[in-house]
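Because the structure is predicted, anything quoted here is derived from the model rather than measured.
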There are 2 protein chains.
Amino acid sequence: MNASTSERLLDAAEFLFAERGFDATAVREITRRANANLASVNYHFGSKNELLDAVFKRRLDPINQERIFELQRLVHEYQPDIPPLESLLRTFLAPPFRVLQQMGADGAAFLRLLMRVHLETNSEFTLRFRAQFEQILSRFVPLFQQALPHLNTSLLNQRLFFAIGSMSHAVTWILNAQVLAKQHADPHSVLEELITFTAAGLRAPIAFGGNIHEA
Amino acid sequence: MNASTSERLLDAAEFLFAERGFDATAVREITRRANANLASVNYHFGSKNELLDAVFKRRLDPINQERIFELQRLVHEYQPDIPPLESLLRTFLAPPFRVLQQMGADGAAFLRLLMRVHLETNSEFTLRFRAQFEQILSRFVPLFQQALPHLNTSLLNQRLFFAIGSMSHAVTWILNAQVLAKQHADPHSVLEELITFTAAGLRAPIAFGGNIHEA
DNA sequence: GTCTATATGCGGATAGAC
DNA sequence: GTCTATCCGCATATAGAC
């Protein structure tokens, strides 16, 4: 509560956008939750839309910087060999889980918001976000390719895509488990199981040799 | 255009809810797209909320019935043995892909809407939906357990969860690829690759023997 | 069943005093 | 920077003629 108004607004917006969605959240609710005045959102951020941008920027920049830094460290550690597949996967998949552990409720709210974005197809905002993610992914692909020489590019991308899906579902699951308080899901152990699962999936021998259809 | 008003309303609502989300869609837009009167939604369904319920019910009931029917057929076919893991996975994972192929644009719209639901945590509607899905899942779990005797219940559930994540991400991907028209993703071949990937993940040897944490 | 017209409320944004 | 009061538009829903 000692945080600055704009920080409190960011926290409140993050929580409410994640909880109810962007459209369903009224600026009035945000300011009420932040103990701030109705006009403060427009004063500090210009508009409700720009507030959303700010919410993302605050969390995403550090996460992606960390992912790139860790990747460089890993490559350096194993030089001139390729890092093991499991280590690459851990570096790639870990950040959201780390957010979950380190940032507690705030991190959970942000991640739920993040998961929402994956579904939007049209908004300009989503396109900006996705371009950024693909930039990160492109740094990892060459290393995965070296670690998995039996896969051609298109199959590798497809399987990586499956792995990303497992990750985002796992994160969503942990979030819901926390919300519903049904069971305690430990992010760290889920991450390790996820690595086991996806590593096996990526290593699977080629069954159909590409994208050949039946019938 | 020859369909009844309520059918046209369902089609239009399905499309728009999927495209823009529930809140962001105005009843006015729905009736405009359906070539129907503004008041027709309330006349036929009672409210915008009940219209959403109807949109789901129309598609979901047949899909789940089919999933259960196929499972019974499969069990019968292999009796008294257990069906192979790949066949179980195909039966479990196929329905959304079939929707994608058979229902064309309508199916795509519905699936996008369906993916949205996975993220909502609080709404009563989502809870109803999720309970139904878990009922379906519970029919499959015992068979997966028999096909994968090296996994304990909790690990099996976790890995199945990863598999479901890969599926929903894959479906979302196909949808977006269609929308963005970037590349042509063939649902059938994606499904087969998905089965290969998830089967390998499920079969992976146990690495950590349960949910033991480091540190 | 379908239409027009309208009631009623909530949304984001802003003006202007402090 | 913060507040109150208010503008203005759009939302859902409904009343009531046809």
Side-chain angles (χ1 to χ4, degrees), chain A residues 1-58 109 113 116-117 120 122-126 128-129, chain B residues 1-58 109 113 116-117 119-120 122-126 128:
Chain A
M1 192 62 88
N2 280 336
S4 70
T5 300
S6 76
E7 282 294 325
R8 295 201 318 276
L9 287 171
L10 286 170
D11 289 339
E14 182 175 79
F15 178 85
L16 290 168
F17 289 161
E19 202 69 15
R20 314 208 223 293
F22 180 75
D23 290 315
T25 302
V27 172
R28 285 169 161 78
E29 296 177 274
I30 296 170
T31 53
R32 195 183 316 138
R33 190 183 169 89
N35 270 4
N37 188 266
L38 172 59
S40 58
V41 163
N42 284 306
Y43 177 78
H44 285 283
F45 300 98
S47 70
K48 189 187 176 189
N49 278 299
E50 286 164 291
L51 172 59
L52 177 62
D53 283 352
V55 165
F56 270 89
K57 193 163 177 42
R58 178 174 64 152
L113 179 54
R116 264 181 201 281
V117 177
E120 313 296 331
N122 284 329
S123 77
E124 193 203 333
F125 171 77
T126 302
R128 254 185 296 156
F129 167 78
Chain B
M1 193 61 88
N2 280 334
S4 69
T5 300
S6 76
E7 282 292 326
R8 296 201 316 276
L9 287 172
L10 285 170
D11 289 339
E14 182 174 78
F15 178 83
L16 290 169
F17 288 162
E19 202 67 18
R20 316 207 221 292
F22 180 74
D23 290 314
T25 303
V27 173
R28 286 170 159 75
E29 297 176 276
I30 296 171
T31 54
R32 195 184 317 138
R33 190 183 168 88
N35 269 6
N37 188 267
L38 172 59
S40 59
V41 162
N42 284 305
Y43 177 78
H44 286 282
F45 299 98
S47 70
K48 189 188 175 188
N49 278 299
E50 286 164 291
L51 173 59
L52 177 63
D53 283 352
V55 164
F56 272 92
K57 194 166 176 39
R58 178 173 66 152
L113 179 54
R116 269 180 198 279
V117 177
L119 291 182
E120 314 294 330
N122 285 329
S123 76
E124 194 202 335
F125 172 77
T126 301
R128 255 186 295 158

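Among the heavy atoms of the strands, none lies under 4.0 Å from A:Ser6. Counting non-hydrogen atoms under 4.0 angstrom, A:Ala39 reaches a base of the nucleic acid. At a threshold of 4.0 angstrom between heavy atoms, the contacts of A:Thr31 with the nucleic acid are absent.
With a heavy-atom cut-off of 4.0 Å to chain B, the contacted part of DNA chain C has its first and last nucleotide at C:dG1 to C:dT4.
A search for side chain to side chain contact (heavy atoms under 4.5 Å, CB included) contacts involving B:Ala39 returns B:Asn37, not counting sequence neighbours. For A:Ala12, the side chain to side chain contact (heavy atoms under 4.5 Å, CB included) partners two or more places apart in sequence, or in a different chain, are A:Ile30, A:Arg33, A:Ala34. Scored by the side chain to side chain contact (heavy atoms under 4.5 Å, CB included) test, B:Arg58 finds B:Glu7, B:Leu10, B:Asp11, B:Glu14 as partners (sequence neighbours excluded).
Annotation: proximity of residues 42-49 of chain A to DNA chain D (heavy atom, distance under 4.0 Å) is found for A:Tyr43, A:His44, numbered in ascending order.
Rounded to whole angstrom, the span from the CG atom of A:Leu38 across to the C1' atom of D:dA5 amounts to 11 Å. Rounded to whole Å, atom P of D:dC10 lies 11 Å from atom CZ of B:Arg32.
Side-chain contact between B:Phe56 and B:Leu113 is present, with heavy atoms from C-beta onward closer than 4.5 Å.
In this structure, the side chain of A:Thr25 does not engage the main chain of A:Arg20 through any donor-acceptor pair within 3.5 Å. Side chain of A:Arg8 to main chain of A:Asn35: a donor-acceptor pair is present (N/O by atom type, distance under 3.5 Å, no hydrogens or angles).
Separating the CZ atom in B:Phe17 from the CG atom in B:Asp23 is a distance of 9.5 Å, to the nearest 0.5 Å.
Within the structure, every pair that satisfies the side chain to side chain donor-acceptor pair (under 3.5 Å) test and touches residues 40-49 of chain B, not counting sequence neighbours, is listed here: B:Ser47-B:Glu50.
Of the two residues contacting DNA chain D, namely A:Arg28 and A:Ser40, the nearest-nucleotide position lying further toward the 5' end is that of A:Ser40.
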